[in-house]
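Here's the structure we're looking at; comments come further down.
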Amino acid sequence: MVGMSAKVEHFTVRHGDVTIAMSRGGRGRPLVLCPGLLTTQADLHELTDLLRRDHDVVSFDLRGHGLSSAAGRYSFEAFLSDFRAVLAEVGRRGLPSQPVLVGHSLGADLVVHYACEHPGAAAELVLIDGANPVPEPFVTEADLPEFRAMFDGLAAWTRSLEGTPRQLLLTAPEALDLNLEVDVVRSEILGLYRKIDAPISMIMSTSMAGDSGEGRAPWRNQNWRAGIERLVRDRPHISVSWLDAGHGLIVTRAQEIAQLIRGTTGRRNS
């Protein structure tokens with residue numbers, strides 16, 4: 001058992017035109033933590049510290065996030081190529097066994113795609129509020145003005161983070177385009193689950209679109225739950241835990257998520 005002050009190694013991996021910042025620390029079962037869009041290693045420090053008590057945890061920043069460099073291209077495939085580079089570097093450094101792959105939001109989608117491409121490479125998958133085969137897209141043409149305003153509103157926040165480990169180098173239009181692309185990716189993700197040979201556990205939020213009873217939020221939350229119900233009908237061995245939380249649960253409910261991960265890792269789906 002290691003404490004919060006456990007030694008953490010910081011290093012980088014060069015991948016194409018980007019440099020990916022990585023960290024490794026802890027002792028126990030290997031685990032790779034993949035953050036989501038607009039989330040950095042620094043944001044996830046509480047969860048990472050908790051997991052390092054009984055896992056050998058590798059974390060990293062996606063391109064354009066945190067301590068990783070900016071890039072000329074931000075797309076799902078570009079982020080997936082970063083994740084491949086991270087796992088290749090993990091492999092070069094040596095692990096006693098295949099890692100548990102944990103991903104949040106976009107990171108969960110990256111984990112599913114990687115596990116589908118690399119059979120046997122993951123011991124287990126823990127997917128947190130992402131990789132959801134929702135029945136309907138979240139961002140329709142009618143929703144675009146709302147989402148543009150939301151991402152434009154993040155500009156002042158991102159400026160306040162410049163030069164810190166939590167900085168975000170993507171523009172608002174780039175972030176919106178990624179959300180639109182993820183909608184397309186998730187429309188095809190159900191078939192990928194059928195090709196994965198590792199046990200899968202999911203930790204989902206009940207209010208991923210917020211808890212407002214007005215506007216499109218109730219429909220978006222219903223669509224989110226319907227996607228998981230659809231997945232479990234198709235893949236009944238997937239274990240799902242629901243937390244009464246929003247999409248930021250990986251930060252706001254870090255202790256509960258760490259407990260759930262400890263409870264799922266090492267347990268084989270029957």
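All values derive from a computational prediction rather than experimental measurement. In what follows, every heavy atom counts, from backbone to side chain, and hydrogens, waters and symmetry copies are set aside.
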Spatial distance of atom CD1 (I228) from atom CZ (R233) [nearest 0.5 Å]: 11.0 Å
L33 side, atom CG; F60 side, atom CZ - distance, nearest 0.5 Å: 8.0 Å
Minimal non-hydrogen separation, D17 against G72, with atom names: OD2-N, 3.8 Å
Shortest non-hydrogen separation from L106 to L37 and the atoms involved: CB-N, 3.8 Å
Test: E89 and R14 ion pair at under 4.0 Å: no
Contact summary for A21 and Q41, nearest pair of heavy atoms: O-NE2, 3.3 Å
Any donor-acceptor pair under 3.5 Å from D61 side chain to L67 backbone: yes
Ring-face cation contact, F11 with R93, 6.0 Å cut, 45° max: yes
Side-chain donor or acceptor of S69 paired with backbone N/O of T19 under 3.5 Å: yes
Any side-chain heavy-atom pair of M208 and F138 under 4.5 Å: yes
Donor-acceptor pair between S75 and R73 side chains, under 3.5 angstrom: yes
Atom pair CG (D197) and CG (L125), whose distance is rounded to the nearest 0.5 Å: 9.5 Å
CD-CD distance between Q255 and E46, expressed to the nearest 0.5 angstrom: 5.5 Å
Flag, side chain of D82 to backbone of L62, donor-acceptor distance under 3.5 Å: no
Side chain D54, main chain R29, donor-acceptor under 3.5 Å: no
Same apolar cluster: W219 and F147, side chain cutoff 4.5 Å: no
Validation row: P30, P96 side chains within 4.5 angstrom (heavy atoms): yes
side-chain contact (heavy atoms from CB on, under 4.5 Å) between H15 and R84, intermediate numbers included: CA-CA 10 Å; H15 170 54; R84 294 187 192 110; over 6 Å; no
V126 vs L260, side-chain contact (heavy atoms from CB on, under 4.5 Å): CA-CA, chis, key distance, verdict: CA-CA 9 Å; V126 181; L260 286 167; over 6 Å; no
Residue pair R225, T206: steps toward the side-chain contact (heavy atoms from CB on, under 4.5 Å) verdict: CA-CA 8 Å; R225 184 173 285 274; T206 56; 3.8 Å; yes
Salt bridge (Lys or Arg N to Asp or Glu O under 4.0 Å) evaluation trace for E146 with R216: CA-CA 10 Å; E146 176 190 349; R216 295 267 286 167; 5.9 Å; no
Between F83 and H113, ring centroids under 6.0 Å: no
Side-chain donor/acceptor of H45 to backbone N/O of D43, under 3.5 Å: no
Side-chain atoms of residues 151-163: list all donor-acceptor pairs with protein atoms under 3.5 Å, sequence neighbours left out, distances to 0.1 Å.
residue, atom, partner, partner atom, Å
T158, OG1, L154, O, 3.4
T158, OG1, A155, O, 2.8
S160, OG, W157, O, 2.5

Test: D129 and R253 ion pair at under 4.0 Å: no
M204 vs L249 side-chain heavy atoms within contact, under 4.5 Å: no
Any side-chain heavy-atom pair of H55 and V102 under 4.5 Å: no
Separation between NE2 of H118 and CG of L87, rounded to the nearest 0.5 Å: 7.5 Å
Atom CD of E9 with >12 non-hydrogen neighbours under 6.0 angstrom: yes
Step-by-step side-chain contact (heavy atoms from CB on, under 4.5 Å) determination, V184 to F76: CA-CA 10 Å; V184 176; F76 184 84; over 6 Å; no
Non-hydrogen atoms of P35 and L44 that approach each other most closely: CB-CD1, 3.9 Å
Side-chain donor/acceptor of D109 to backbone N/O of A131, under 3.5 Å: yes
Gap between atom CZ of R235 and atom CZ of R230 - 0.5 Å precision: 13.5 Å
Student check: side-chain heavy atoms of H104 and I203 closer than 4.5 Å: no
Salt bridge (Lys or Arg N to Asp or Glu O under 4.0 Å), paired with D56, selected from R27, R24, K7: R24
N/O donor-acceptor pair under 3.5 Å between E174 side chain and T171 backbone: yes
Connected via hydrophobic side-chain network under 4.5 Å: V232 and L190: yes
Shortest non-hydrogen contact from V8 toward R52: CG2-NH1, 3.4 Å
Shortest non-hydrogen separation from S205 to G246 and the atoms involved: CB-O, 3.4 Å
4.5 Å side-chain heavy-atom contact, D49 and V57: no
CD (E117) with more than 12 external heavy atoms under 6.0 Å: yes
Close side-chain approach of F79 and H65, heavy atoms under 4.5 Å: yes
